[in-house]
Amino acid sequence: MPRTKKPKFQTLTGMHDILPDQQCYFYDIYKKVKSIADFYKFGEITTPIIEDADLFSRGVGLSTDIVKKQMYIFRTKGGEWVSLRPEGTAPVARAYIEHGMHTLPQPVKLWYFGPFFRYEKPQAGRYRQFWQFGFEIIGEASPVVDAQIIQIFYHIFKDLKFQDLLIEVNSIGDRQCRPYYKRLLVNYLKSHQNSLCPDCRRRIKENPLRILDCKDPRCQSIAASAPQIINHLCKECHDHFKEVLEYLDDLDLPYHLNPYLVRGLDYYTRTVFEIFASEEKNDQEDSEGFVSKNALAGGGRYDGLIKLLGGKDTPACGAAAGIERIIEAMKHRKIKPPYPQKPKIFLAQLGKKAKRESLKLIEKFREAKIPVASALNKDSLKAQLKLADRFGVKYTLILGQQEAMEGKILIRDMTTGRQRITNIKSVVREMKKMIKL
Ligand code: AMP
């Protein structure tokens, strides 16, 4: 929209309005996600936007970027520390425990769709308020569930008409084998610490696995020769991962094993994955000039989370996708969501009585589910016909003062310019036939 002067109030950095012409993308994505969720029998869950800040520091992990740098955290008047939710899995796990869902038949399958908040450095594909949808399967340890979550996300993107999808997978082990691997990795990294970026020098102590997916080329070249966790998995993790890959093979999904994929959240165990739309522009340069690919979705297994949050030891697996990223990728590929039904009829009116009749008539068209455009604020026929042209309607109904008194109305074929008169009472029925609804 044209603007002359910079307005006094604007959206905050990293936040954005979703204007009417963008809503169709959201509806389209919601509709397709919901249809897959319904088919696979996931129940929709909506958790509050604000939670106890501890839920995330404990669940997501104190040493993660999300908790350390990106949480919108504040103290309420009552003195509680609360946070705008930065992600959806910890709240869903909290709800599972709080509502005693372990007593339901397992696994419990939940999905969500809503806004999330991270105080990120603003850059392409990264917002401070962004939307995600996510799927969680809680209470099942079998690797088939990992494969099913990957399959579900893959097919959502397929339904959204993405052709060029790529899945990256890895296993990051569990409580048994990860500590041993971490020690190996830390020893290796310590011998190279002077060549790491400042952030990663700090990460050696706090979160060494994250160094493997640092975007700084200095760290990437050190990570390239680091020991790989895939070669140090315990037997259980190894067998689990092998089975996941076998399922992916059976499903013919285009996956690639990425030994550097670790994900940014502490709660993950074993399988982790990300989905990309491959070709392109999806490569984003961040503020320091490092090129990274923006994932459309990411997730994995989180067998320790429910217990960590005070529930029973419960295996689980899930993933989330970023709606803004999906929309940007759709636009880049010129994938257009279906627009709301376009009107095929325009109703023009002249005079006070006609205006009154028009209000009633429009409602009759709505009841008959026939989309009709009008401009009751306009009085000139010329202006209304111009609008009808702009809508590209096939017919314009003209209700003049005289017609309104006689219970009649004109039907004008916009292609031929031909007009005929009919009764107001029967016009909805006639139009229904003419536009073949
Ligand atoms: P995560 O919760 O970090 O595993 O992210 C899951 C997905 O959410 C990512 O693959 C992105 O598509 C999306 N996402 C995460 N952070 C942001 C952000 N700051 N802005 C936009 N999308 C995001």
Side-chain angles (χ1 to χ4, degrees), residues 11-16 18 22 25-26 29 33 47 51 55-56 59-61 64-72 83-93 111-136 149-150 152-154 156-157 160 162 165-170 172 207 209-210 213 215 258 261-269 271-278 280-284 286-287 292-302 305 316-332:
T11 46
L12 299 174
T13 307
M15 312 233 163
H16 60 105
I18 306 163
Q22 299 298 303
Y25 286 92
F26 274 74
I29 296 169
V33 174
T47 61
E51 297 266 4
L55 172 67
F56 301 107
V60 178
T64 58
D65 281 354
I66 292 182
V67 171
K68 257 184 124 71
K69 305 185 197 159
Q70 300 171 350
M71 285 234 284
Y72 276 91
S83 166
L84 298 185
R85 57 185 190 183
E87 61 94 55
T89 303
V92 170
W111 77 283
Y112 57 83
F113 190 106
F116 294 86
F117 304 83
R118 293 184 196 170
Y119 197 77
E120 302 240 30
K121 265 193 229 158
Q123 52 189 287
R126 283 196 184 276
Y127 300 94
R128 290 184 175 170
Q129 176 176 337
F130 57 96
W131 287 64
Q132 281 188 338
F133 64 82
F135 283 63
E136 315 287 355
I149 286 282
I150 297 175
I152 284 173
F153 275 78
Y154 179 79
I156 287 172
F157 293 129
L160 286 166
F162 283 92
L165 296 165
L166 190 68
I167 303 162
E168 297 203 338
V169 274
N170 193 21
I172 53 168
N207 200 351
L209 260 67
R210 270 325 289 279
D213 75 355
K215 304 296 174 281
N258 176 359
L261 179 66
V262 294
R263 314 270 301 122
L265 303 90
D266 271 4
Y267 51 61
Y268 285 116
T269 49
T271 319
V272 287
F273 75 93
E274 286 186 340
I275 301 185
F276 298 85
S278 58
E280 84 165 76
K281 291 290 167 117
N282 208 359
D283 285 356
Q284 305 287 357
D286 72 12
S287 53
S292 65
K293 278 203 238 145
N294 273 336
L296 295 180
R301 184 160 275 286
Y302 51 95
L305 180 63
C317 187
I323 316 270
E324 283 84 355
R325 292 227 188 132
I326 297 173
I327 293 175
E328 278 156 27
M330 283 169 79
K331 286 185 180 165
H332 180 66

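The model shown is predicted, which means the values in this text are computed figures rather than measured ones. Numbering of ligands and ligand atoms starts at 1, following listing order.
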Ligand-side contact atoms (ligand 1) for residue partner Leu296, heavy atom cut-off under 4.0 Å: 10 (O), 12 (O)

Protein residue, atom and distance nearest to atom 11 (C) of ligand 1, heavy-atom basis: Arg325 NH1, 3.2 Å

Identified side-chain hydrogen bond (donor to acceptor under 3.5 Å, both in side chains) counterpart of Glu324 within the set Gln129, His16, Gln132: His16

Contacting atoms of ligand 1, where contact means under 4.0 angstrom from a heavy atom of Gly125: 20 (N), 21 (C), 22 (N)

Distance-only N or O hit between ligand 1 and Leu265, under 3.5 Å: no

Which of the ligand 1 atoms, numbered from 1, are nearer than 4.0 Å to a heavy atom of Glu120: 16 (N), 18 (C), 19 (N)

Shortest reach to atom 2 (O) of ligand 1 by a heavy atom, considering only Glu274, Glu328, Glu324, Arg118: Arg118

Of the listed options Tyr268, Phe130, Phe116, closest to atom 23 (C) of ligand 1 (non-hydrogen atoms): Phe130

Test of proximity, Gly322 against ligand 1: N or O pairs below 3.5 Å: yes

Closest protein heavy atom (residue, atom, distance) for atom 10 (O) of ligand 1: Ala295 O, 3.1 Å

Heavy-atom neighbours of Tyr72 OH exceed 12 at 6.0 Å: yes

N/O separation below 3.5 Å, Tyr127 to ligand 1: yes

Distance filter under 4.0 Å to Arg263 heavy atoms, resulting ligand 1 atoms: 1 (P), 4 (O)

Ion pair check, Glu120 and Lys69, cut-off under 4.0 Å: no

Atoms in ligand 1 flagged as close to Ala297, the criterion being non-hydrogen separation under 4.0 Å: 10 (O)

Ligand-side contact atoms (ligand 1) for residue partner Ala320, heavy atom cut-off under 4.0 Å: 6 (C), 7 (C)

Test of proximity, Ile66 against ligand 1: N or O pairs below 3.5 Å: no

Verdict with reasoning, Arg263 to Glu274, per salt bridge (charged side-chain N to carboxylate O under 4.0 Å, His left out): CA-CA 9 Å; Arg263 314 270 301 122; Glu274 286 186 340; 2.9 Å; yes

Ligand 1-proximal atoms of Gln132, by part, heavy-atom distance under 4.0 Å: side chain

Aromatic plane relationship, Phe153 with Phe157 - under 30° parallel, 30 to 60° tilted, over 60° perpendicular: tilted

Tyr127/Phe116 under ring-ring contact (aromatic ring centres under 6.0 Å, His included): CA gap, chis, key distance, verdict: CA-CA 10 Å; Tyr127 300 94; Phe116 294 86; over 10 Å; no

